[in-house]
Amino acid sequence: MPHPRPSKTGLYDPALEHDACGVAFVARLSGEPSHETVAKALTALSNLEHRGAQGADADTGDGAGILVQIPDAFFRAELGGALPAPGAYGVGTCFLPDDETARGRLEELVERTVAAEGQRLLCWRDVPVEPGHVGRAAISVAPRIRQLVVAASSGLAEDADAFERKLYVIRRVAELAAGPALVIPSLSARTLVYKGMLMAPQLTRFYPDLEDECFASALALVHSRYSTNTFPSWELAHPYRMIAHNGEINTLRGNVNWMRARESQLASELFGDDLHKVLPVIRPSGSDTAVFDNVLELLVLAGRSLPHAMMMMIPEAYAGRADLSDELEGFYAYHGCLMEPWDGPAAISFTDGRVIGATLDRNGLRPGRWHETADGWVVLASETGVLDSVHEPAQIVRKGRLQPGKLFLVDLEQHRIVPDEEIKRSIASRKPYARWVAEEMLRLADLPSAPPPPAPAEPLRRRQLLFGYAQEDMKVMLAPLARNAEEAVGSMGNDTPIAALSRRKPLLYSYFKQLFAQVTNPPIDSIREAVVMSVQASVGSERNLLDETSAHARQLVIENPILRDDELERLRHVSSDVFKAHTVDTTWPAAEGVDGLEAALDRICAESSLALAAGANILILSDRAAGPARVPVPSLLATAAVHHHLVREGTRLQTGIVVESGEPRSVHSIAVLVGYGAAAVNPYLMLETVAELVTEGWLPEGMTVEQAQARAVKGIGKGLLKVMSKMGISTIPSYCGAQIFEAVGLAPDLIDRYFTSTPSRIGGIGLRDLAEGALIRHARAYPGSGDELLPVLGLYAWRRDGEHHQWNPDTIALLQHAVRAGRFETYEQYSRTVNAEAARRSTLRGLMQLRVREDGGIPLEEVEPAAEIVKRFSTGAMSLGSISREAHETLAVAMNRIGGRSNTGEGGEDPVRYVPDPNGDSRRSKIKQVASGRFGVNANYLANADELQIKMAQGAKPGEGGQLPSHKVDRYIASVRLTTPGVGLISPPPHHDIYSIEDLKQLIYDLRCGNPDARISVKLVAEVGVGTVAAGVAKAGADHVLISGHEGGTGASPVSSILHAGIPWEIGLAETQQTLVLNDLRSRIWVQTDGQLKTGRDVVVAALLGADEMGFATAPLVATGCVMMRACHLNTCPVGIATQDPELRRRFAGKPEHVVNFFFFVAEEARRLMAQLGIARFEDLVGRVDLLDADEALADWKARGIDLANVLRVPEAPAGAPLRRTSPQEPALADALDWTLIDASRETIDGGAPLEASFAIRNVDRTVGGLLAYAVTRARGAAGLPEGSLRLTLTGAAGQSFGAWLAPGIELTLVGDANDYVGKGLSGGVLALRPPDTAGFRAEENVIAGNTILYGATAGRAFFRGVVGERFAVRNSGAHAVVEGVGDHGCEYMTGGVVVVLGRTGRNFAAGMSGGIAYVLDEDGTFATRCNDELVGLDPVAGEDAATLLALVEEHGRRTGSPVAARLLAVWVDSLARFVKVLPHDYKRALEHSDRPLSTGGEGFLTAETETAEAAA
Amino acid sequence: MGELGAFLKLKRAETPERPPAERIADHREFVRTLPLAELREQGARCMECGVPFCHSGCPLGNLIPDWNDLVYRDRFREALDQLHRTNNFPEFTGRLCPAPCEAACVLEIDEGNAVSIKQIELAISARGWDEGWIVAQPPAARSGRTVAIVGSGPAGLACAQELNRAGHRVTVFERDEAGGGLLRFGVPDFKIDKAVVERRLRQLADEGVELCYGVDVGGDLDPSELTAGFDAVVLATGSRVPRDLPIPGRELDGVHFAMEYLYQRNRAVAGTATPSISAAGKHVIVVGGGDTGADCVASAHRERAASVTQIELLGEPPASRPDDLTPWPLWPMKLRTSYALKEGGERSFAISTTALAGTGRVERIDWMRNSGVPPFEPVPGSEESHPAGLVLLAMGFVGPEPALLERLGVATDARGNVAAAEFATSVCGVFAAGDARRGQSLVVWAVDEGRRCARAVDAWLATAPARPRLARRAPLSPAPLRD
């Protein structure tokens, strides 16, 4: 079969694609095969269609498929009587090439293999297909689909498991021999897969077999795929042989490496000699799901049960859980010694044809809903309601949801749903796992203490010089770390060169950029959701994965990967028959010069191998020997070299790698070491330096060396968790070796050899440069007095002799003088300086040359006027709160004057600004940002936008949420954000309604409903793979995508994030442009870029690389007076910009005209360049990468191996293919149910009488109420309609985001159940959810609605008669809600409002809750154990609280008919005593102190002035 | 980083000075240092800017935020180390520099609020000398290379110290009888006590720098002896040709260049010579409104002149920073009143001197008011005459004395300064630094020139063919990164 996907070209790499999807299964408990099962599954699939996606060709789906039991009757009818008994034959579905010859060869190969394995090929069957029902793109690459029928040999006919294994061997052997040309979606005697590059409804029509009445099964698993790019292949459709997956495996690279390392020691009695034939088990170029399936299949066929294997690969968070049995904890701990978790958001449905089930990742990041009917059907799907047309409410006896880390299992042989506890208990007690762990596993803390290391021979200062320490390491990094046990915080982004362009020979770590989750998977909240995080690691030898013995548990557990000296010595001196440590010297003789490095690496690798052969299983890579004659090998290089050497050698699992080095001293350095294979790191020089800080008096008085070191270690540990969580990884074993980095500026051969498979796209320096750097540092230390001052780095703050900063005294002063005086000549001086410095030493764009026309181009007058060009400019998202009202409004006025766009940022907007000023200026920001905190986001805010921007990440700290310290939250800021004054605000790292690409599609849909006239934008940060994410964004229906560079960023952020996450926009933008053009998606989406854009030249380069529009943040701030204090987080901005201090705000001297001048100057400079390029219209610049060259004149960086060919690659697309946005997206709202509701409500909205009406609803009806809310808001403003004006009842299963943005006066009552995101952004409306009266189950014991309900709700009320999923009322800031049970993380990040829980809560209730109140009915007195008490206190309910509670419970009863409410009210006094009040400490303080600082000058919200005015009135 | 928000609570402290009436009675320094507590408060006001414009405004690139913070924390020893890292002679600059750093301080955006950087610098160096922290730092090893430096002003001395510490053998030739150049003979004792200069010279000598006084290279000593006898030669002779006033009466007795007068005053105060020029009892006219002029005014006060008048060609600048001409962080062209005028005397702006008159000796000066800006059109009818017994011309310097340059064959630029873009002159092995290269300037620039020239010489010596290197030596500190 032809490979449908383009191979890697330029910056596009198909390996980077992501997918996510909708998944469902149907099972019949009786176990009787029937065609009805298949039909139901197909119905469910088509009801999930909105979760899949289509490509540029609207009829080509990303993939759909079905897995069933072998339909024996069907094959008997098709193939005649020769078929052996059921189970004694297997059927394989093969995707074969169309080409006759090629197909013949492959078929022959398969036939030969069947024979060679002693089985008998019965026949080939052509699977009938109807190509007319498939999209153009899909059919152009469609395979020939044939089925292979194999009869079991006599020996295997009776042994079903052995036959299944043999079929697997046949498949693997044939696959390995044939390579990618042969695709076998399934070959089994139990299951059969039909799939393809199809949309859900096409599947049935394409495969007529599926409609055959004989095509019967007792179970069916279906899947609809959403891939980020548009080259989804037939092969990559789900289901795979055993699973279908919704989510993403974040740790894939590491899992694949470790799996490869494991293969050398695999052995299986069941497989015997066949085992080696199937290796390697992982099929190359598979997706994460395919790889997972490959490994799962092996584990199961080698003898573990399917649930057992699933528990191994996706263990729940078990550490420190009181509610788990010792047996189960032992099971997980034991299996942790065998395999690292496959981590990431995942709902995986699995089946082996006998059981079918599903599991959820430890954090519950994907949805899954199930129900059971009285007549024995079990249905599980990504959404509820997929079979509403089939299963009447009265038939349903149970409803539930997948829960974090829990197994949902249907056993068709036992005819029942097996409860999670039961199946886990039975698996955990198969072997004495807990005892094995207790007996064999060793803890570092338990090892006897060892003699201390010999005192260092050299003075500390000299060794600090040797390892490149600078003064900032002490003052900026280590002192705060040791003082606060927290990483230092900085502001205003990073304007220094990338490591490869720096002249300071930065340490190797700096070349590695942390990857982070955006869109396709969520970052984890390592602080608020710490329950799922763990830094525990272990070392020792791993054993045969396919076996289970007590010896497997012989691992040495290290609780914290940062080792103190005494811990390392204990490890080094471990003496037992199990553990043996060997120390490898990682230094080289200085006398050997640069050549010595490579030789040293060879020696280190060889010595490591020898040590392993001699029985060592702890390798300590140590540079303690560095000194006058010996140079330390960069510790990361040594670590990665040994790691990959041992992986290649197949011995990696025999040892743990521990790094003992003077080099690492930051969170980032430790993270990279772990990411490339270190299980633990002893940063001895960092610890000594911390000790020096103590003795030199740099730390608070009374702090001992011991305490300071402990705090530093703790701080780095916390930082490490943050780095891991940024990528959605929760445990060290999953992170170790996972290589979640992109290299920027390293040579290809260096990468291939030592950092294998790390993305590195612009070439760069090699071993020689690294050696030179090490030698220069060595020369700085020797000879020397040993007491010299450390050098000044100038990285965090500008220093004349330090690192170059693009914003420096010259450029800042020139820009300010230019815009204030309105002098273009001064601006030209500024831009000449900036552009020249860019070329000399700071940015990739500086290394590019414009291909100006030799004839001088066209006259300037012919070029589009500057007044047109400036309309493409916008200012960056800086929230009111992070910057002052004066600064914020100045930017808005300026952008409105020039027809550009300003951005609210994540802080809401004062509604007064929606009305133009008397002088015609407007302070309204056209772009309204929607970020994870949803601060200030309500129906009115959305309705007043021209553009709604979803912030997935921000340049300064991708993968982390914004934060506003409490001292900046004055009353005005709090009122605009709809929060409490004086309470600090933290945005969650993820959008809790975007855990995957189809969730993003849903949020885009929600926002479109919130304002159908606004364009929808998605903000991403450049990193490897951003292009495929952007393609996914285009396919999700966004109008606009912003690619932010890593350099940008105005807010406060941990310094490691500022410096080490994200990449330059030049690469990200080029990758985006190339991917969109290759995918034929470019025409339907605007592309914008930002990140330290400063000049007209920057604008032109950005356009040529593919940007339609450009964003600026720092430069306009500088124009208004910012002097790059980098003190934004301190509220002491001396020029009144990044501060709320009234005294400082008075000093703000910026004027809109300064900003206007800046943008016109930039546009004017761009015009001049356009004239030289001979291009009159700006739109004709966009994407013309052919007009850019690498500047050959710049020899310096060329010497460093930088190669821009990939960035400057012209994507191969048909001539005339659009390079810019030319047409709008397909309309998305045409079939919305809301149009019907609006029609019915029209009169009421226009002032008529109240309305009561009823409608039917299905799960495909999404965001019901959203457009209605918009209509009400447009007509009636923020106040909406009078209470009770619109009373609408809907019956059925509601699609996602039911009741989103609901405005005042609208009441929706849902009779049925609902999916995720009910009441998202609720803005004053009322929701009530209840099951139908005919329901056959007790509501309070069953699930009524899904996850992430009332996210960002600001006002209104909601009542849920039943249990709901995880993260109920997350970031609620004003809604009142009653619910009868919630999942994990209830009331997370809540800042206001009231929540009443009349049932059980999950774990981690009230995490990050800084405001509002919750009343929880604590029937059994165990609530406190599930409540996160970090920010809240628990009290009895009394007084005013009791009245509030009573009113809500009464209303709940009234609106939902809840028997729970009735029961409680019947004995209210007793009931009241059983409630617990959850009150955040900060909130309590804020309520007690009304003397918070008042804002000055605000208008629309509560301020000093309005209060005074009100009092006077 | 200082104390968070201290700049909002604490005010700038101006330099404490002795009362004018008291100080004109002697020649002792008139500037005092702030008490420690106030000094630390000033350190606390520093905001540790992300872009410290002060550090950029300082020609030496002094690590101002770093030592401000250290002073705030009462860590003077470390502050001294940081200060010496960029500045060989903070006790000179702390006294004599006009402090462009303070003009560029971010707090100065709000005019008059700058951190009192110069006082902090002075206090750090004073503390260093008082505590005996400043000692000789001879090099650990010698390179075997030799360098001759002509001129012992701040540029020559800084260059000498740096090159010596890098291991080269350095000899400084000075035509006057003592070292320091204008620091010793041009600037009055009440601005810089000569003991301050002397102790620094002693440190250089202790470190191994050979100081040869009374040797006039180009006069007594044939410059070819230097080029032949040393691996490298550095010209740090200053910009010593004064600008003249070609008007009728210029030849009269009692009309002198300012530097002639100041040299005599300094020698007189030191007691090494009897002056021939005296301001005592005379009507003194100082032509030129700059620092040298101010030093003449103040010296004349101390000689009990009958009157002192300082006249300036340029018009009177505005009282506060003119944001349209010299916005922050540029050096503001605004009205400043010198210490000398605080002690007495008159000043006039926009004055074009037209003639000097007298019989043999000057008795009268004639001038007209002018437009205040080039080309200084005279205002008709504004002619005035004033009695004048001593006229001192303090109108700046036009360039280095040409004789030595001509004998060495060193090329000069259009302004007559030594042409030496990267410090190397047109003659191989001959370098130039300081005012001789850049024209008349500030003492900070001189120190900076000396330091950077030393790096250029050091780099050149590393590649220049000649005698074998004797020992591996430490690089100059700090390793420069300028491009």
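Chain letters run A, B, ... following the sequence lines, proteins first, then strands; residues in each count from 1. No experiment lies behind these values; they were computed from the predicted model shown.
No side-chain N or O of A/Thr689 forms a donor-acceptor pair with one of A/Asp473 less than 3.5 Å apart. Side-chain N/O atoms of A/Glu825 and A/Gln829 include no donor and acceptor closer than 3.5 Å.
The pair A/Glu803-A/Arg504 does not meet the salt-bridge criterion, since no charged nitrogen lies less than 4.0 angstrom from a carboxylate oxygen. Salt bridge annotation for B/Lys334-B/Glu111: present, with a cationic side-chain nitrogen under 4.0 angstrom from a carboxylate oxygen. Taking a cutoff of 4.0 Å between a charged side-chain nitrogen and a carboxylate oxygen, B/Glu102 and B/Arg12 qualify as a salt bridge. A salt bridge is absent between A/Arg1146 and B/Asp110; no separation between the charged side-chain nitrogens and carboxylate oxygens falls under 4.0 Å.
Neither the backbone nor the side chain of B/Asp323 comes within less than 4.5 Å of any heavy atom in chain A. Using a 4.5 Å cut-off between heavy atoms, B/Leu70 contacts chain A through its side chain alone, with no backbone atom that close. When heavy atoms are compared at a cutoff of 4.5 Å, A/Leu790 approaches chain B solely by way of its backbone atoms N, CA, C and O. Contact annotation for B/Gln82: both backbone and side-chain heavy atoms come within less than 4.5 Å of a heavy atom of chain A. Using a 4.5 Å cut-off between heavy atoms, B/Asp81 touches chain A through backbone and side chain atoms alike. For chain B, the nearby part of A/Arg1147 is the side chain; its heavy atoms alone come within less than 4.5 Å. Residue contact with chain B, scored on non-hydrogen atoms closer than 4.5 Å, involves the backbone and the side chain of A/Val792 alike. Contact of A/Asn1131 with chain B is not made at all, since no heavy-atom distance falls under 4.5 Å.
In this structure, the side chain of A/Gln816 does not engage the main chain of A/Ala1119 through any donor-acceptor pair within 3.5 Å. Side-chain N or O atoms of A/Glu472 include none that pairs as donor or acceptor with a backbone N or O of A/Met477 at under 3.5 Å. Within the 3.5 Å criterion, the main-chain N or O of B/Asn113 finds a donor-acceptor partner in the side chain of B/Glu108.
Interface summary for chain B: among A/Arg799, A/Met1124, A/Glu1143, the most heavy-atom pairs under 4.5 angstrom belong to A/Arg799. Ranked by non-hydrogen atom pairs under 4.5 Å with chain B, the options A/Ala813, A/Pro809, A/Ala1127, A/Pro1134 are led by A/Pro809. Annotation: maximal heavy-atom pairing with chain A below 4.5 Å, among B/Ile109, B/Asp324, B/Val106, B/Leu8, occurs at B/Leu8. The residue among A/Ile812, A/Asp810, A/Val1135 with the most heavy atom pairs within less than 4.5 Å of chain B is A/Ile812.
Between A/Thr811 and A/Asn808 the shortest side-chain heavy-atom distance falls below 4.5 Å.
Of all residues in residues 692-699 of chain A, those placing a non-hydrogen atom less than 4.5 angstrom from a non-hydrogen atom of chain B are A/Glu696, A/Gly697, A/Trp698.
Remark: B/Asn164 pairs with B/Arg142 by the side chain to side chain donor-acceptor pair (under 3.5 Å) rule, at least two apart or across chains.
For CD of B/Glu131, the number of neighbouring non-hydrogen atoms (other residues, nucleotides, ligands) closer than 6.0 Å is greater than 12.
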